[in-house]
Q: 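Have a look at this one.
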Protein chains: 2
Amino acid sequence: MENDVTSPFLLRADGTPVRVLVVDDEPDLTEVVSGALRYEGWEVRTASDGASALATARTFRPDAVVLDWMLPDADGLTVLRGLRAELEGVCVLFLTARDAVEDRIAGITAGGDDYVTKPFSLEEVLARLRGLLRRAGMARRSDLLQADRLVVGDLVMDERAREVTRGGVVIELSRTEFELLRFLMRNPRRVLSKAQILDRVWSYDFGGKAHVVELYISYLRKKIDAGRTPLIHTVRGVGYVLKPDAP
Amino acid sequence: MENDVTSPFLLRADGTPVRVLVVDDEPDLTEVVSGALRYEGWEVRTASDGASALATARTFRPDAVVLDWMLPDADGLTVLRGLRAELEGVCVLFLTARDAVEDRIAGITAGGDDYVTKPFSLEEVLARLRGLLRRAGMARRSDLLQADRLVVGDLVMDERAREVTRGGVVIELSRTEFELLRFLMRNPRRVLSKAQILDRVWSYDFGGKAHVVELYISYLRKKIDAGRTPLIHTVRGVGYVLKPDAP
DNA sequence: AAGGCTTTTCAGAGGCTCCTCAGAAGAACC
DNA sequence: GGTTCTTCTGAGGAGCCTCTGAAAAGCCTT
């Protein structure tokens with residue numbers, strides 16, 4: 001029961017849930033993102049344009065904002081300035097198209113905010129949001145934020161350094177392998193279906209089949225379990241679990 | 001009588017029964033599912049299309065919805081959005097055809113909702129529903145939801161990790177064996193007929209005979225009772241009971 | 001004690017899930 | 001621009017699960 005991703009409350013210092021405002025003009029996208037955030041215990045509101053985002057921010061007073069860079073009525077930088085004026089120390093995570101990245105974004109990350117390029121995976125958004133709040137000093141309150149280091153048995157992941165070791169030995173992982181493993185390590189001893197994994201680790205626009213999950217599990221096994229007592233277990237007809245042998 | 005599946009009340013925090021809305025255009029199916037749910041103490045309503053589902057949801061205000069993915073008048077995602085807009089924090093369990101799975105299910109498991117493919121077994125639907133409500137924080141109020149762990153004598157089942165132990169020793173079970181055992185463990189000290197077991201554990205379209213139940217009971221005995229004092233007992237001409245020897 | 005019925009067990013076919021390999025397309029990096 | 005790394009598709013094959021049918025064992029009645 002410890003280290004449970006679904007522990008229903010993600011609390012701030014004052015005991016109220018952490019609040020996030022999701023702003024995007026595509027309803028499907030806000031639906032998926034806000035759903036995942038709610039599932040993880042955040043208190044979520046959504047908005048579909050810059051004006052209503054600012055209005056909602058004023059009353060809702062979120063700790064963080066997930067904000068589309070290109071909104072119908074406003075440009076990202078403008079909205080950012082508006083938010084900054086209204087909310088002291090709010091964290092902002094931008095969602096941007098891949099080619100719109102270069103320009104201004106550089107300046108944003110300097111200010112402590114961050115961005116994710118579309119199409120993104122939910123794991124990516126969640127990880128970045130956790131990182132932002134952690135850096136903003138909102139950490140140590142909840143289990144969900146405090147894990148800079150994930151540990152399962154002798155397998156250790158340092159999220160910030162993006163380094164994984166097993167028994168002290170460094171393991172090189174590709175981007176997708178890393179995200180898959182992070183998701184598994186955030187849900188130890190819990191069986192995760194391929195659909196669940198696909199929904200969280202792969203981008204929302206991924207058209208392929210759940211077969212990729214099997215493939216990447218096999219990659220991970222080769223790197224992590226090779227020759228050692230396995231941590232990744234198959235539950236036939238259900239999914240996969242990550243767990244140490246001795247509970 | 002403790003831990004009784006048919007304990008007549010399944011209550012929410014405010015003392016009223018937990019409510020679920022079942023939506024499917026096949027009357028036989030809603031009949032079977034809603035019957036089983038009522039039997040377990042849920043307060044149930046049914047609907048046969050998207051429009052009436054939303055209408056019913058508005059007044060009935062269910063805690064969970066069992067929803068066919070393919071309705072005559074609407075697509076699953078649309079109805080989901082409607083429900084979400086109307087009911088804060090409602091849990092949705094989708095029923096889908098096997099081949100429709102890969103399609104557009106994407107994202108729903110990330111939002112905390114879940115799905116079951118047709119043809120399904122009632123145990124599967126019930127287990128998933130319990131899981132949804134448990135995660136939504138509706139747990140600990142009622143006996144029916146609180147069991148993440150089922151215990152009968154020295155036999156322990158961890159539903160989430162899908163792990164079964166007897167006397168601390170891990171026992172590997174196949175999918176069907178696991179579901180059969182779960183049903184038995186949810187009804188300890190109660191004689192279950194082969195017909196009952198078949199109706200609950202096997203899919204509704206299963207054409208075979210009750211002989212499979214005998215076979216799977218024998219599999220379970222080999223794994224669970226082998227060499228130990230038996231937990232599974234035959235009641236000749238009636239069915240089977242799971243109970244510890246020393247009461 | 002025998003016969004008839006229920007239950008248990010065995011053996012095997014078929015189906016299905018999952019794992020792995022090989023290769024093509026794409027992205028990142030120099 | 002070329003090289004390397006990464007991601008994904010498809011096919012083949014291994015192994016596990018499920019179910020059928022038949023034979024053996026057990027229980028109850030007569």
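To find a chain, count down the sequence lines: A is the first, B the second, and so on, and within it residues start at 1. What you see below is based on every heavy atom in this structure, not just the backbone, and it leaves out hydrogens, waters and symmetry mates. Since the structure is predicted, the reported quantities are computational estimates derived from the model, not experimental observations.
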Q: Using a heavy-atom cut-off of 4.0 Å to chain B, what are the terminal contacting nucleotides of DNA chain D, in 5' to 3' order?
A: D:dC17 to D:dC27
Q: How would you list, by chain and number, every residue that makes a salt bridge (charged side-chain N to carboxylate O under 4.0 Å, His left out) with B:R228, sequence neighbours excluded?
A: none
Q: Who are the salt bridge (charged side-chain N to carboxylate O under 4.0 Å, His left out) partners of A:R166, not counting sequence neighbours?
A: A:D154, A:D225
Q: Taking only residues two or more places apart in sequence, or in another chain, which ones meet B:T78 in a side chain to side chain donor-acceptor pair (under 3.5 Å)?
A: B:D75
Q: State which residues pass salt bridge (charged side-chain N to carboxylate O under 4.0 Å, His left out) with B:K209; sequence neighbours excluded, sorted by chain then number.
A: none
Q: Listed by chain and number, what are the salt bridge (charged side-chain N to carboxylate O under 4.0 Å, His left out) partners of B:R236, not counting sequence neighbours?
A: none
Q: Using a strict 4.0 Å threshold on nitrogen-to-oxygen distance, state whether B:R200 and B:E179 make a salt bridge.
A: no
Q: Do any side-chain atoms of residues 22-30 of chain B form donor-acceptor pairs under 3.5 angstrom with protein atoms, and if so which ones, sequence neighbours left out?
A:
residue, atom, partner, partner atom, Å
B:D24, OD1, B:E26, N, 2.9
B:D24, OD2, B:K118, NZ, 3.2
B:E26, OE2, B:K118, NZ, 3.4
B:T30, OG1, B:P27, O, 2.9

Q: Just by protein heavy atoms under 4.0 Å, how would nucleotides 15-22 of chain C read 5' to 3' in B, S and -?
A: --BSBBB-
Q: Please report the end-to-end axis angle for the helix from C:dA1-D:dT30 to C:dC30-D:dG1, five pairs per end, rounded to 10 degrees.
A: 30°
Q: Applying ring-ring contact (aromatic ring centres under 6.0 Å, His included), can you list everything that pairs with B:F120, at least two apart in sequence or on another chain?
A: B:Y204
Q: My understanding is that only residues two or more places apart in sequence, or in another chain, count here; which of them pass side chain to side chain donor-acceptor pair (under 3.5 Å) with B:T176?
A: none
Q: Run the ring-ring contact (aromatic ring centres under 6.0 Å, His included) test against B:F94 and tell me which residues pass, sequence neighbours left out.
A: B:W69
